[in-house]
There are 2 protein chains.
Amino acid sequence: MSTAKPLYEQLARLGKAVASPARLELLDLLCQGPRTVESLAQEAGLSIANTSQHLRVLHGARLVEGEKSGLFVTYRLADPSVCSFFQTLRALGEQRLAEVDAILRQFREAPETLEPVEKDALLDRIQKGEVILLDVRPAEEYRAAHLPFAVSAPLKDLDSLLATLRRRKPIVAYCRGPYCVLAKEAVRLLRARGFRAVRLEDGVPEWRAQGLPVVVGEGSK
Amino acid sequence: MSTAKPLYEQLARLGKAVASPARLELLDLLCQGPRTVESLAQEAGLSIANTSQHLRVLHGARLVEGEKSGLFVTYRLADPSVCSFFQTLRALGEQRLAEVDAILRQFREAPETLEPVEKDALLDRIQKGEVILLDVRPAEEYRAAHLPFAVSAPLKDLDSLLATLRRRKPIVAYCRGPYCVLAKEAVRLLRARGFRAVRLEDGVPEWRAQGLPVVVGEGSK
DNA sequence: GAAATAATCAAGTATTCTATTGACTAGTCA
DNA sequence: TGACTAGTCAATAGAATACTTGATTATTTC
């Protein structure tokens, strides 16, 4: 009857790769763009050795690839489909796990989040320059890819950037995606300083998944 | 900075659920329709207790649900999206793991497999009755859902059914999907008996995933 | 009520996975 | 050359998993 057992064993390799919270976080970070081991470790709060080993597991499942240049090894997703897969997993979690839904609700309920309804209209206004779109992720991730017309404004440097912003112009801030706190923080800060600011829930991966274009490199500054 | 760590922990529940070959096989079977523990155990070649425990893990990840009626507990996918997720995982495997691709090639290369190009035309002819569409899975799965116009012809009973078939009419056989051997066997048998038969790679889940309608219940016999 | 059956539970062992530690390799820069 | 750095490797202890076996819980049937 020649069973297809070996197939399930292979697919389980992928399952095992995404069976650890630490690896999921690393994958999520890599969805934002390539990064060095050290940078990943720091962002995820893991030791270097531990991070290296998790990356090695992900590599064993062919989900990421690393390339050494100089002292650093830069890891990146082996394929854009890996990012889609992560998003599918996340969507399944949202749908099936009440716990995920509860965590997400904390984000969505926040009053500063943009309603999907308003999204289209606002993005149109961004294009016309009537609204400012801020990318509040670290500059590294902005460089890897960002939304069209977005200005890089890392949360850390936001305070010093405020001086250059016109106080009347409405601001839309985004970060890594629906699970990320950076944009929430940014909106809080901006509002405290008297700006009109809202949060865009989408990050670059979500934007890309909708088939919309992203900009790679320095872009507008 | 209120990290989103708990989120990754939750998503890892899903990852762990699909980190075992046995559980993947059970999921795959459940994509064909609801089944009892005993029936799943037998099909997957696992002990009853082991199967029960794996199902319990899947239930813990909210991927399946069990319902007791009489002596039997019938398990089913908790949601159709679980089946889509399994297919996404499988697609990622096909794309990223050379080993999966190698296994699949054995199926696709088989000369009796229908080319995707011919598929549309042939299905049109099935609808017109010019071609016979055979569902060679166990009757239980046919009952759970089958393709329109398909006739139930479990591989085990195929031999006795041949008498009722007209030898000139071309036959298309399908089973659980691209990984399943049933239709391959059926085509081999049919050809040995002098019939013109080809294999349709799609199963009910693939058909459904393409947004096409399926028939639930007895259907044509 | 007693026997039979489907499934689950509980316990035990072998295996695998995780995170840490310290050693090691390779590349850089003075 | 020698000091320094990023990352990997190797070994380890502890935690989690897998599968088996035998007992237990419901439910049906006689």
Side-chain angles (χ1 to χ4, degrees), chain A residues 3 5-6 8-27 29-30 34-76 78 140, chain B residues 3 5-6 8-30 34-61 63-76 78 140:
Chain A
T3 164
K5 280 275 155 66
Y8 297 114
E9 244 159 77
Q10 291 304 321
L11 294 184
R13 284 171 63 190
L14 299 176
K16 283 180 186 136
V18 293
S20 136
R23 286 196 289 275
L24 284 169
E25 181 161 12
L26 293 174
L27 269 187
L29 285 170
L30 287 171
R35 283 184 98 122
T36 65
V37 178
E38 186 181 41
S39 153
L40 285 165
Q42 186 180 357
E43 190 79 42
L46 302 171
S47 75
I48 302 274
N50 199 9
T51 303
S52 174
Q53 273 161 195
H54 279 305
L55 287 168
R56 162 153 279 285
V57 173
L58 289 172
H59 179 72
R62 301 292 128 82
L63 295 182
V64 307
E65 275 165 13
E67 189 195 6
K68 183 155 191 174
S69 79
L71 276 178
F72 296 83
V73 175
T74 301
Y75 277 89
R76 68 192 69 233
E140 182 184 15
Chain B
T3 165
K5 280 276 155 67
Y8 298 114
E9 245 159 74
Q10 292 303 320
L11 295 183
R13 284 170 63 190
L14 299 177
K16 282 179 187 142
V18 293
S20 137
R23 285 196 289 274
L24 284 169
E25 182 161 13
L26 292 175
L27 269 187
D28 198 9
L29 286 170
L30 287 172
R35 283 185 99 123
T36 65
V37 177
E38 187 181 40
S39 153
L40 286 166
Q42 187 180 356
E43 190 79 42
L46 302 171
S47 76
I48 302 274
N50 198 9
T51 304
S52 175
Q53 274 161 188
H54 278 306
L55 287 168
R56 169 149 281 283
V57 173
L58 289 172
H59 179 74
L63 296 181
V64 307
E65 275 165 12
E67 188 196 5
K68 184 158 192 177
S69 79
L71 276 178
F72 296 84
V73 175
T74 301
Y75 277 89
R76 67 192 70 234
E140 182 184 14

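Within every chain, numbering begins at 1; the chains are lettered A, B, ... in the order of the sequence lines, protein sequences first and strands thereafter.
Crowding of Glu140(B) atom CD: a count of heavy atoms from other residues, nucleotides or ligands under 6.0 Å exceeding 12.
Every residue two or more places apart in sequence or in another chain was checked for a salt bridge (Lys or Arg N to Asp or Glu O under 4.0 Å) with Glu38(B), and none qualifies.
Using a 4.0 Å cut-off between a side-chain N of Lys or Arg and a carboxylate O of Asp or Glu, Lys5(A) and Glu25(B) qualify as a salt bridge.
Terminal axes of the helix from dG1(C)-dC30(D) to dA30(C)-dT1(D) (five pairs each, C1' rotation axis) are separated by 20°, to the nearest 10°.
Among the protein residues, Thr51(B) comes within range of no part of the nucleic acid, since none of its heavy atoms lies under 4.0 Å from any strand.
Looking at residues 59-66 of chain A, you'll see that no heavy atom sits under 4.0 Å from any atom of DNA chain C.
Remark: Leu55(A) CG to Gln53(A) CD distance equals 10.0 Å, nearest 0.5 Å. In this structure, the separation between OG on Ser52(B) and CG on Leu46(B) is 11.5 Å, given to the nearest 0.5 Å.
Note that the first and last nucleotides of DNA chain C, 5' to 3', having any atom under 4.0 angstrom from a heavy atom of chain A are dC17(C) to dT28(C).
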Legend entry - Base-contact (B) and sugar-phosphate-only (S) positions in nucleotides 17-30 of chain D, heavy-atom cut-off under 4.0 Å, - elsewhere: SSBBB-----BS--
Using atom types as modelled, flag every donor-acceptor pair under 3.5 Å from a side chain in residues 12-24 of chain A to any protein atom, sequence neighbours excluded.
residue	atom	partner	partner atom	Å
Arg13(A)	NH1	Gln10(A)	OE1	2.7
Arg13(A)	NH1	Glu99(B)	OE1	3.2
Arg13(A)	NH1	Glu99(B)	OE2	3.3
Arg13(A)	NH2	Gly60(A)	O	2.7
Ser20(A)	OG	Ala22(A)	N	3.3
Ser20(A)	OG	Arg23(A)	N	3.2
Arg23(A)	NE	Ala17(A)	O	2.9
Arg23(A)	NH1	His54(A)	ND1	3.1
Arg23(A)	NH2	Lys16(A)	O	2.9

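The side-chain heavy atoms of Leu58(B) and Leu27(B), taken from C-beta on, include a pair separated by under 4.5 Å. Within the 4.5 Å cutoff, the side chain of Leu30(A) has heavy atoms near those of the Tyr75(A) side chain. Taking the side chain as every heavy atom from C-beta outward, Thr74(A) and Val37(A) never approach each other to under 4.5 Å.
Remark: the backbone N or O of Arg35(A) is not paired with any side-chain donor or acceptor of Ser39(A) at under 3.5 angstrom. Judged purely by atom type and a 3.5 angstrom limit, His59(B) has no side-chain atom pairing as donor or acceptor with the backbone of Glu65(B).
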